[in-house]
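Small disclaimer: the values here were computed from a predicted structure and weren't measured. Lettering follows sequence order; numbering is per chain, from 1. Excluded from the calculations below are hydrogen atoms, water molecules and symmetry mates; all remaining heavy atoms, backbone and side chain alike, are included.
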There are 2 protein chains.
Amino acid sequence: MTGRPTTPRGRRERPAKPALTREGIVAAAVAVLRAEGLDKVTMRRLAQELDTGPASLYVYVRNTAELHAAVLDELLGTVGTEPSDGDPREELERVLMAYTTMLMEHPSLARSALTARPSGPHYLNLIETLLGLLDACGVAPARAAWGVDLLLQFATATAAEHAGRDTSSPAEGGEEWDALAHALRTASDRTHPHIAAQAGSLLSGGPGQRMSWGLRALINGIERTALPD
Amino acid sequence: MTGRPTTPRGRRERPAKPALTREGIVAAAVAVLRAEGLDKVTMRRLAQELDTGPASLYVYVRNTAELHAAVLDELLGTVGTEPSDGDPREELERVLMAYTTMLMEHPSLARSALTARPSGPHYLNLIETLLGLLDACGVAPARAAWGVDLLLQFATATAAEHAGRDTSSPAEGGEEWDALAHALRTASDRTHPHIAAQAGSLLSGGPGQRMSWGLRALINGIERTALPD
DNA sequence: ACCTGAACACCGTTCAAGT
DNA sequence: ACCTGAACACCGTTCAAGT
């Protein structure tokens, strides 16, 4: 019974408890996010994963919100931002759809992103890309600058709305939404004539159609609306 | 030492532990929200407030998210929805500003609202009002129906973005935002030419101006963008 | 049916102490 | 400087048992 000494010289037994770094923490966070969702990405859980105590993480990360923002910037690396040669409007739609699709796989991360915006390199690249595309669409630069905010907010919020619906709790979020759908469908045309008349339209369209229409409406609005002096 | 009998007959000693009802729970939740913010509106805290155990609340409320949605619908009662005679565009802006302003006093509630939409009477009234105003602006009914979603999402998300900044933690959220502002200001014009050129515009404007411009852009976009067939 | 105590399985963050 | 154990002050939700 000599096997498996508890303090071996060999470096291969375990990854040998890698030194704690911000990158290591973020990488572990991304792994836990992919495997089990954002609400397992907690200080305590990460500490456990990295074989230390939660207090140690606070040397590298200010708080949970900052950690989530760093995770999002990391995932943003997935969203392609290579320049393209096609119609800039279509490209704009494509990039924002890609961003939204990525966030929809982690809707609770989208929720975080609304409050704690990332400021990492990938997020900057995304902003740069969007400004370039709006410019290519002929939108005045100052409008484009404010417009980027609007577009990113729309994409983020759209993804955030799906939190609770998809991954973690298939029941919960769905029921809230059903409650609203039911209320709209059964609204009295005496007290709520417009709702009663438009119930069909209010509930029509899939998420993709809504998103796509919303983006086009936003872009149309941005290029036509003058900034305040 | 006879004072303060522990089981008095008089009904005035305390409010006599009012019977548990959904309304009572929501009312207590609103009170706690006003006094101490949403993150004190917890099942445990409410139970304590109502002189019972947390388990008892689950008879009337499915979970915390549903409770928060009910609280929001309650607060929506504050947002005036009386018909007006002025310019419908201005009125539209006024109503949505009022909605946003209300939510900004409780930004974390806005965050909840993005996921768990209310479906109570006050929310329905708001939708009805918005549909009416878009109609008065001459927007085609089906576009108005999809547009209401866009407008409410924008207003809610704008309020939600301020969570963490204002009430609870004056430091935290501000620092995240500063990080982005700093990154934009110092972006290299070699790698990020558009950002470098537009840094001023990207960071200009107060929340009120941004909100107002965003609403106008949205309305312009909504009335000009055809629905998919 | 309604209500409850107690338990299960967690959280974020801080701080004094160690190395 | 970096790292840690332990503590403080909480959470949501469920369940078996009572009335």
The side-chain hydrogen bond (donor to acceptor under 3.5 Å, both in side chains) partners of A:Glu128 (sequence neighbours excluded) come to B:His194
Residues in salt bridge (Lys or Arg N to Asp or Glu O under 4.0 Å) with A:Glu36, at least two apart?
-> A:Arg45
Of all residues at least two apart in sequence or in a different chain, which pass the side chain to side chain contact (heavy atoms under 4.5 Å, CB included) check with A:Ala187?
-> A:His192, A:Ile195
Please determine if a side-chain N or O atom of B:Ser56 lies less than 4.0 Å away from the OP1 or OP2 oxygen of C:dT4.
-> yes
Measure from NZ on B:Lys40 to C1' on C:dG12 and round the result to the nearest Å.
-> 12 Å
Atom pairs under 3.5 Å, N or O on each side, protein against nucleotides 13-16 of chain D: can you list them with distances?
{"residue": "D:dT13", "atom": "OP2", "partner": "B:Tyr58", "partner atom": "OH", "Å": "2.8"}
{"residue": "D:dT13", "atom": "OP2", "partner": "B:Thr64", "partner atom": "N", "Å": "3.3"}
{"residue": "D:dT13", "atom": "OP2", "partner": "B:Thr64", "partner atom": "OG1", "Å": "3.2"}
{"residue": "D:dT13", "atom": "O5'", "partner": "B:Tyr58", "partner atom": "OH", "Å": "3.3"}

Looking at residues at least two apart in the chain, or sitting in another chain, which of them share a side-chain hydrogen bond (donor to acceptor under 3.5 Å, both in side chains) with A:Thr100?
-> none
Enumerate all atom pairs, one protein N or O and one N or O from nucleotides 17-19 of chain D, separated by less than 3.5 Å.
none

Expressed as a whole number of Å, how far does the P atom of D:dA9 sit from that of C:dC8?
-> 23 Å
Rounded off to whole Å, could you give me the CZ-to-C1' distance for the A:Arg45 and C:dG12 pair?
-> 16 Å
Nearest-neighbour nucleotide for the B:Thr42 side chain, C:dG12, C:dC3, D:dG12 considered = D:dG12
Sorted by chain and residue number, the side-chain hydrogen bond (donor to acceptor under 3.5 Å, both in side chains) partners of A:Ser204 (sequence neighbours excluded) come out as B:Trp146
Sort and list the pairs that fulfil salt bridge (Lys or Arg N to Asp or Glu O under 4.0 Å) and have at least one residue in residues 202-214 of chain A, not counting sequence neighbours.
-> A:Arg210-B:Asp149
Partners passing side-chain hydrogen bond (donor to acceptor under 3.5 Å, both in side chains) against A:Arg22 (at least two apart in sequence or in another chain) = A:Glu66
Between C1' of C:dA9 and CG of A:Asp39, the distance in whole Å | 14 Å
Taken to the nearest 0.5 Å, the spacing of A:Leu75 CG from A:Leu103 CG works out to 8.0 Å
Rounded interatomic separation in angstrom, taking CG from A:Leu20 and P from D:dT4 | 7 Å
note: B:Leu50, atom CG; C:dC2, atom P; distance rounded to Å ~ 17 Å
When the distance from OH of A:Tyr60 to C1' of D:dT4 is rounded to whole Å, what number comes out?
-> 12 Å
With sequence neighbours excluded, tell me which residues meet side chain to side chain contact (heavy atoms under 4.5 Å, CB included) with A:Thr191.
-> A:Ser188
Starting from Watson-Crick (N1-N3 plus N6-O4 or O6-N4) and G-U wobble pairs under 3.5 Å, report the runs of at least three that DNA chain C belongs to.
-> C:4-8 with D:12-16, C:12-16 with D:4-8
So does A:Thr52 get a side-chain nitrogen or oxygen closer than 4.0 Å to the phosphate oxygens (OP1/OP2) of D:dC3?
-> no
Side chain to side chain contact (heavy atoms under 4.5 Å, CB included) involving B:Ala113 - partner list, sequence neighbours excluded = B:Leu72, B:Thr156
Taking atom P of C:dG5 as reference, at what distance in whole Å does atom CD of B:Gln48 sit?
-> 13 Å
Is any side-chain heavy atom of B:Val61 less than 4.5 Å from a side-chain heavy atom of B:Val26?
-> no
